[in-house]
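Worksheet: the structure to be examined is printed underneath.
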Amino acid sequence: MTVPILKQGPFLIATIQAALTDTDVLRLQEDVMQQVTRHRSRGIVVDVTALDVMDSFVSRSLRGIAMMTRLRGASTVIVGIQPEVAFAMVQLGMSFEDVQTALDLEEGLALLQARREPGDGAG
Amino acid sequence: MTVPILKQGPFLIATIQAALTDTDVLRLQEDVMQQVTRHRSRGIVVDVTALDVMDSFVSRSLRGIAMMTRLRGASTVIVGIQPEVAFAMVQLGMSFEDVQTALDLEEGLALLQARREPGDGAG
Amino acid sequence: MPAEGATVIAIESDSDVVTARQRARELAAELELSSTDQTLLATAISEVARNITTYARRGEVSVSIVEDGRGRRGIRVVATDRGPGIEDIDRAMQDGYTTGGGLGLGLPGARRLVDEFAVDSEPGQGTTVTLVKWSRT
Amino acid sequence: MPAEGATVIAIESDSDVVTARQRARELAAELELSSTDQTLLATAISEVARNITTYARRGEVSVSIVEDGRGRRGIRVVATDRGPGIEDIDRAMQDGYTTGGGLGLGLPGARRLVDEFAVDSEPGQGTTVTLVKWSRT
Ligand SMILES: Nc1ncnc2c1ncn2[C@@H]1O[C@H](COP(=O)(O)OP(=O)(O)O)[C@@H](O)[C@H]1O
Ligand SMILES: Nc1ncnc2c1ncn2[C@@H]1O[C@H](COP(=O)(O)OP(=O)(O)O)[C@@H](O)[C@H]1O
């Protein structure tokens, strides 16, 4: 199950479309890094609306994407975490404290756009 | 393998040119501190484009440079982390959360410049 | 005791982990567990099934419907392997404890996600983790 | 079993650490491991080889090509020393556990970077860490 990654202006959008195996998740990490590098993207939205489970491996890997892309000067926003999934993540002990999240794709893109505005030099 | 450190206006640029041993890395830390002190530099860019591996020792040492220079009122930006290297660092567990990063030298300098602008008191 | 024949999923690869949690979710939906409870159960299964592939290479997950004496029904999941076993179960149940470079949230996290939870393990013999999630109706 | 003679790098100083990871990367490139996989392997080697210089003073890293039964090839790295050994391996595998003022990410981090990972150690006898990274084609 490959995750399609689309370029939209200075940003990338990765839309997960079905349950991912661990192998798929690792591939997604690599693919995102490759595309970020190729397009010199400034921001990435990862849309997880289709995920009905985010276990510790997936959560950790998505946080990993946020960290890796930051090392290349790009921000990652995770969008579309389903309410039951968010509930389960918190019970599990995964808090995503250090990861940017937004309600949906639109809000995620707005967040990235806001980051690009002049006067904000933050990472 | 000594790392050359150039002065550019109020900033310093340290360009790593090949794989570093741990000894080289410790020397780089010292050299940067010496130059920062001598030139009263306000910012340092460390360019790691040439590094094909950033293990826990190098990562920790670069973070160390960022912390030391901060204590002298100067900001450090690490630029040019290669995508595969970013990937490996995150798997390893080194996230550089508290270190400023940018895509390349140009963006790193822009970041330092932005930090110097009045009205931005951030670290 | 299982009230119906158990569904057994062999766990050998990471796609089996996905299969196992999906099967359990289907069964949980049949039992009319809430959508949230289905998700909690599926997440717990993902954790214990991944531990099988990580630490024991292979094993199995069986999913069945159980009843308590008072007419309440639930899903029971038993994850078994003949891998290396767990030396110190108390330690393994600590948040953050991992011998495999993980987050160490699998066992303690799974425990928080279900109603009943038990680990049986003998070093050199293997590990069995049992989870139960009760229907709330 | 090694399919070809192993390259052995003596580890005595920090430049040997660099040599070891570069040799392994060359071999990985010959095997057409992806550039990312080469980097992950080289980083893991850097960690275990540094542990040799830090905790055992000297030792060696051997790098060889291995095959599984099904035609898949990979790189095997064995880092060995006759240093003090590791008292509690489970503990040493914890993120952040260090007796040497390090970050404690070397062993657990290296495990996350490769496909197979094993530590054998006997206090007073020495330590052997084995890593395997498989080609994904
Ligand atoms: N099926 C199993 N076989 C052997 N050891 C296991 C098994 N499941 C868990 N363990 C041990 O318990 C530890 C804690 O497990 P867990 O909380 O799931 O965290 P993680 O999987 O991230 O390490 C593991 O690191 C491992 O040492
Ligand atoms: N080759 C070795 N010989 C003896 N002890 C070792 C060796 N490698 C690792 N250790 C022990 O395991 C601990 C954890 O190692 P590691 O995770 O690599 O972190 P660090 O090297 O930062 O301490 C070390 O602090 C040390 O006590």
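Both backbone and side-chain heavy atoms feed into the values below; hydrogens, waters and symmetry mates do not. Lettering of chains follows the sequences in order, A, B, ..., and the numbering in each one begins at 1.
Note that CG of A/Asp52 is 6.5 Å distant from CD of C/Gln22, once rounded to the nearest 0.5 Å. To the nearest 0.5 angstrom, A/Phe57 atom CZ is 14.0 Å from C/Leu105 atom CG.
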- Stepwise side chain to side chain contact (heavy atoms under 4.5 Å, CB included) check, C/Leu103 with A/Met94: CA-CA 9 Å; C/Leu103 287 172; A/Met94 294 295 317; 3.5 Å; yes

- Task: Just do the side chain to side chain contact (heavy atoms under 4.5 Å, CB included) check on A/Leu92 and C/Arg112 with the steps written out, would you?
- Result: CA-CA 7 Å; A/Leu92 197 58; C/Arg112 290 189 286 267; 5.7 Å; no

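Judged by distance alone, the side chains of A/Glu84 and C/Thr36 never bring a donor and an acceptor atom under 3.5 Å apart.
Annotation for A/Phe96: atom CZ counts as buried by contact number, over 12 foreign heavy atoms lying within 6.0 Å. Around the CZ atom of C/Arg91, the shell of radius 6.0 Å holds more than 12 heavy atoms that belong to other residues, nucleotides or ligands. Within 6.0 Å of the CD atom in C/Glu116, the count of heavy atoms belonging to other residues, nucleotides or ligands exceeds 12. The environment of CZ in C/Arg111 is sparse: at most 12 heavy-atom neighbours from other residues, nucleotides or ligands sit within 6.0 Å.
The two residues A/Asp55 and C/Arg50 come nearest to each other via the heavy atoms OD2-NH2, 2.9 Å. Nearest heavy atom pair, residue C/Arg21 against residue A/Ala19, reads NH2-CB, 4.0 Å. In plain terms, the two heavy atoms of C/Ala42 and A/Val53 that are nearest each other are CB-CG2, 3.6 Å.
There is no contact between C/Val17 and chain A, counting heavy-atom distances below 4.5 Å. With a threshold of 4.5 angstrom between heavy atoms, A/Met54 approaches chain C through N, CA, C or O but not through any side-chain atom. For a residue to count as touching a neighbouring chain, one of its non-hydrogen atoms must lie under 4.5 Å from one of that chain's; by this rule C/Ala44 does not touch chain A.
With hydrogens and angles ignored, the 3.5 Å screen pairs a side-chain donor or acceptor of C/Glu47 with a backbone N or O of A/Ser56. Of the possible polar contacts, none joining the C/Asp14 side chain to the A/Thr21 backbone as a donor-acceptor pair under 3.5 Å is found.
Side-chain contact between C/Thr39 and A/Val85: present, with at least one pair of heavy atoms (C-beta onward) separated by less than 4.5 Å.
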